[in-house]
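Values below: every heavy atom of this structure, side chains too, minus hydrogens, waters and symmetry copies.
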Amino acid sequence: MSTGRAPATCAELCARLEASGSFEPLALALAVTLGRVAGSVAVAAGAALAARAVALGHVCVDLATLPELEPELDALVGGGPALAAALVREGGAAPAARLDAWPAAALALDGAGRLYLARYAHYQGVLARALAGRLGWHAPGPDLALLRRGLGRLFVGESLAGQRLAAATALVARLTLVAGGPGTGKTTTVTRVLALAVEQALAAGRPPPRVLLVAPTGKAAQRLGEAVARGLAELDCAPEVAAALAPEARTIHRALGPRSRTPGRFVHDAEHPLACDLLVCDEASMVDLALLAKLLAAVPATARVVLLGDPDQLAAVDAGAAFADAYAALAGPEADDAADDDGATEALLAACAAGAPFAAPRAAVRLRRAQRYAETSGIAALARAVRRGDAPEALRVLADGPDVALRELGPRALGRALDELATRDVAPYLAARAPGPRLAALGRFRLLCAHRRGPAGVADVNLRVERALARSAGLAPRGRLHYDGRPLLVTRNDYRIELYNGELGVEAVGPDGVLGAFFPASSPEAPPRALPLERLPPHETAFAMTVHRSQGSEFERVALVLPERTSQLVSRELVYTAVTRARRSLVVLGSAAALCDALGRRSVRQSGLGDALADARADEG
């Protein structure tokens with residue numbers, strides 16, 4: 001329990017908070033405003049803490065655990081539990097279900113001592129009710145005999161048992177969460193789900209379902225659409241089934257229809273639902289709480305929803321880890337350990353046939369068998385150890401190799417290692433002079449960094465690689481922004497020219513002898529897309545990129561650069577995300593101590609979604 005004296009006035013409180021250096025100006029401004037309006041130091045302290053939590057990616061701040069988690073912060077506000085009691089006593093925070101008075105409407109405090117900015121309590125409640133309302137069998141139910149034949153035809157072999165279970169769930173349930181690491185077959189599964197759904201509709205004499213494919217970023221949406229189109233072309237299904245499916249993948253924002261004058265508001269909502277019978281959201285683990293709530297609120301009540309994601313990856317940039325929280329709440333601890341997926345499939349279909357009550361764990365399925373790399377590879381073994389937070393096992397795997405390794409490096413040795421990697425692994429990319437081969441070579445190796453700035457950050461690593469290549473491979477940046485051989489990373493969607501946040505390209509001299517930007521075409525057979533440099537959307541140099549930016553990408557070889565000093569940003573989830581970007585080999589540049597420190601740190605986002613979902617399920621009855 002904190003021993004700090006509670007601040008006597010709002011002015012004293014805000015002076016304390018500002019002096020601590022832990023609060024952004026917006027959080028302080030909100031504290032001043034609400035404290036003045038409410039005439040309450042408790043409201044001011046609560047507003048500052050709740051706003052700070054959102055800025056850090058949390059949905060709320062847990063006042064009950066504040067003394068243990070952040071004792072210095074707890075002392076600043078005179079004690080988290082005492083603050084919660086004061087808010088209740090003064091009426092400075094309303095229950096999450098009753099946000100109807102000002103200034104109480106600005107904050108919400110739940111029964112467990114979690115304090116929210118009211119709009120995030122609202123988003124959490126909307127999402128919880130949307131999820132709970134979909135926990136049940138889909139109507140009309142499928143022709144189970146036809147479904148069994150389809151599952152047997154499209155998912156052949158023991159290795160696809162998990163995908164078979166996920167597909168069966170998506171065909172009989174209104175909501176399905178499919179969790180799995182990179183390369184476990186999530187998009188392959190959903191492609192087959194689309195075909196099975198069309199087969200069911202045509203056999204019953206109904207129109208094919210209206211399918212909507214969405215993803216959080218333009219790059220992810222493009223990749224989803226291409227993967228589904230490619231998978232449908234290879235499926236063993238009747239021509240009329242394939243002909244009924246030509247779904248276009250969109251970003252979530254484009255699908256919802258943003259209102260230009262009111263950011264965060266969309267054309268489609270609960271009163272103006274999307275025109276779809278089956279929604280598939282890929283990379284759902286990258287979707288923040290507010291956006292996922294708005295998306296599911298806009299889906300018609302009769303539609304199926306399939307969410308694909310990896311709960312072990314880095315969470316969304318904005319507040320919340322909604323997919324991971326929902327998966328944990330619905331799956332329970334036993335789901336990840338289940339091995340008899342075929343038995344689970346039969347039990348699911350039998351329960352559907354008997355009209356048995358729908359059990360929540362049936363909505364959550366984990367795919368455990370990776371297709372990107374062999375299960376016996378060092379990458380797979382390292383990913384499993386990192387996911388468990390098993391530092392000794394991770395170090396053992398890295399020591400044994402041969403496709404993974406740890407290079408113990410100090411600051412000076414890191415510079416030399418980057419010079420070596422630039423000469424050995426990046427220079428061959430430059431040797432490919434034509435845009436097409438250069439683009440192909442770009443995906444073979446990638447430097448990933450935990451930070452954007454500072455030692456071992458993206459900016460410094462990019463500069464070091466440029467200098468090394470200028471010496472060894474004839475690269476000639478000479479301080480210029482654009483130069484032949486510069487790799488590009490798009491950082492903002494540009495729908496007019498169809499370039500999206502996260503896309504990689506290259507600068508090269510085209511057939512006309514002019515330096516331009518080139519990006520992969522929509523099909524492998526087509527030549528690269530050429531773009532004048534002046535038409536480029538916001539972008540940056542990409543010899544190295546942050547691990548956050550790499551989500552959804554894969555490379556043959558990856559080098560992960562860990563900072564020497566302890567950093568709260570370097571977590572187990574960050575290392576796992578970096579490891580699983582590699583297909584063939586991975587090297588970690590940094591100390592064993594830095595790696596062990598990262599594996600011992602979880603990137604936990606505070607929220608109450610699990611409890612809110614339990615309450616919503618109880619209300620559903």
For V41 against C10, the heavy-atom pair lying closest together: CG2-N, 3.6 Å
What I'd like to find out is whether the side chain of Y576 reaches to under 4.5 Å of the side chain of P182, using heavy atoms alone. yes
Quick test of your reading: applying salt bridge (charged side-chain N to carboxylate O under 4.0 Å, His left out), list the pairs with at least one residue in residues 282-291, sequence neighbours left out, ordered by first then second residue. R223-E283
The reported gap from CE in M286 to SG in C281 (rounded to nearest 0.5 angstrom) is 10.5 Å
Short side-chain to backbone donor-acceptor contact, D74 and G80, under 3.5 Å: yes
Backbone N or O of D310 within a donor-acceptor pair of the S285 side chain at under 3.5 Å? yes
Pairwise side-chain contact, V178 with V190, heavy-atom cut-off 4.5 Å (strictly under): no
In short, P67 meets L63 closest at the heavy-atom pair CD-O, 3.7 Å
So, R366 side chain and A179 main chain: donor-acceptor pair closer than 3.5 Å or not? no
Do T546 and L448 touch side chain to side chain, with heavy atoms closer than 4.5 Å? no
Mind listing the closest non-hydrogen atom pair of A329 and L613 along with its distance? CB-CD2, 3.9 Å
T189 and A166 have their tightest heavy-atom pair at CG2-CB, 3.9 Å
Side-chain touch R605/L289, heavy atoms, less than 4.5 angstrom: no
Could you pull out all residues at least two apart from A45 that satisfy side chain to side chain contact (heavy atoms under 4.5 Å, CB included)? L13, V77, L83
Among residues two or more places apart or on two chains, list those pairs meeting side chain to side chain donor-acceptor pair (under 3.5 Å) that have a residue in residues 45-61. R52-E70
Listing request: all salt bridge (charged side-chain N to carboxylate O under 4.0 Å, His left out) pairs with a residue in residues 27-47, at least two apart in sequence or in separate chains. none
Stepwise side-chain contact (heavy atoms from CB on, under 4.5 Å) test for L30 and L117: CA-CA 11 Å; L30 183 66; L117 293 179; 3.7 Å; yes
Looking at V570, is its backbone amide N or carbonyl O close enough to the side chain of R601 to form a donor-acceptor pair, meaning the two atoms are under 3.5 Å apart? yes
Measure the spacing between OG1 of T217 and CD1 of I252 and express it to the nearest 0.5 Å. 9.0 Å
Among residues at least two apart in sequence or on other chains, which ones pass side chain to side chain donor-acceptor pair (under 3.5 Å) with R210? D277
For the student: nearest non-hydrogen atoms of P537 and L499, plus distance: CD-CD1, 3.9 Å
Describe, in one word, how the ring planes of Y327 and F323 are oriented to each other, choosing from parallel (under 30°), tilted (30 to 60°) and perpendicular (over 60°). parallel
Is there a side-chain contact (heavy atoms from CB on, under 4.5 Å) between R114 and Q124 once you walk through the steps? CA-CA 12 Å; R114 288 181 288 249; Q124 181 174 277; 5.8 Å; no
In this structure, CG of L131 is separated from CG of L177 (nearest 0.5 Å) by 7.0 Å
L28 versus P25: any side-chain heavy-atom pair under 4.5 Å? no
Would you say the side-chain atoms of R492 pair up with the backbone N or O of P538, donor to acceptor, closer than 3.5 Å? no
Qualifying side chain to side chain donor-acceptor pair (under 3.5 Å) pairs with a residue from residues 165-180, counting only residues at least two apart or across chains: none
Going by heavy atoms in the side chains, are V193 and V280 under 4.5 Å from each other? no
Can you tell me if S20 uses its side chain to pair, donor with acceptor, with the backbone of L17 under 3.5 Å? yes
Do other residues, nucleotides or ligands put more than 12 heavy atoms under 6.0 Å from L26 CG? no
Assess whether atom CZ of R206 is packed by more than 12 heavy atoms of other residues, nucleotides or ligands within 6.0 Å. yes
Donor-acceptor pair, side chain of K186 and main chain of L307, under 3.5 angstrom: no
If I take atom CG from residue L599 and atom CZ from residue R388, how far apart are they, to the nearest 0.5 angstrom? 11.0 Å
At what distance, to the nearest 0.5 angstrom, does CG of L107 lie from SG of C60? 12.5 Å
Counting C-beta onward and ignoring hydrogens, is there a side-chain heavy-atom pair between L291 and H253 closer than 4.5 Å? yes
Check for a donor-acceptor pair, side chain of T577 on one end and backbone N or O of L314 on the other, with a separation under 3.5 Å. yes
Do R617 side-chain atoms and A132 backbone N/O form a donor-acceptor pair below 3.5 Å? no
Please step through side-chain contact (heavy atoms from CB on, under 4.5 Å) for the pair K294 and D269, ending with a clear verdict. CA-CA 7 Å; K294 293 172 184 178; D269 53 23; over 6 Å; no
Between H122 and V126, does the side-chain contact (heavy atoms from CB on, under 4.5 Å) criterion hold? Intermediate values first, please. CA-CA 6 Å; H122 170 71; V126 168; 3.6 Å; yes
What's the separation between atom CG in L489 and atom CD in E540, rounded to the nearest 0.5 Å? 5.0 Å
Are the side chains of V54 and Y116 in touch, meaning some heavy atoms are under 4.5 Å apart? no
Taking all atoms of both residues into account, what is the closest heavy-atom pair of A121 and A108, and its distance? CB-CB, 3.7 Å
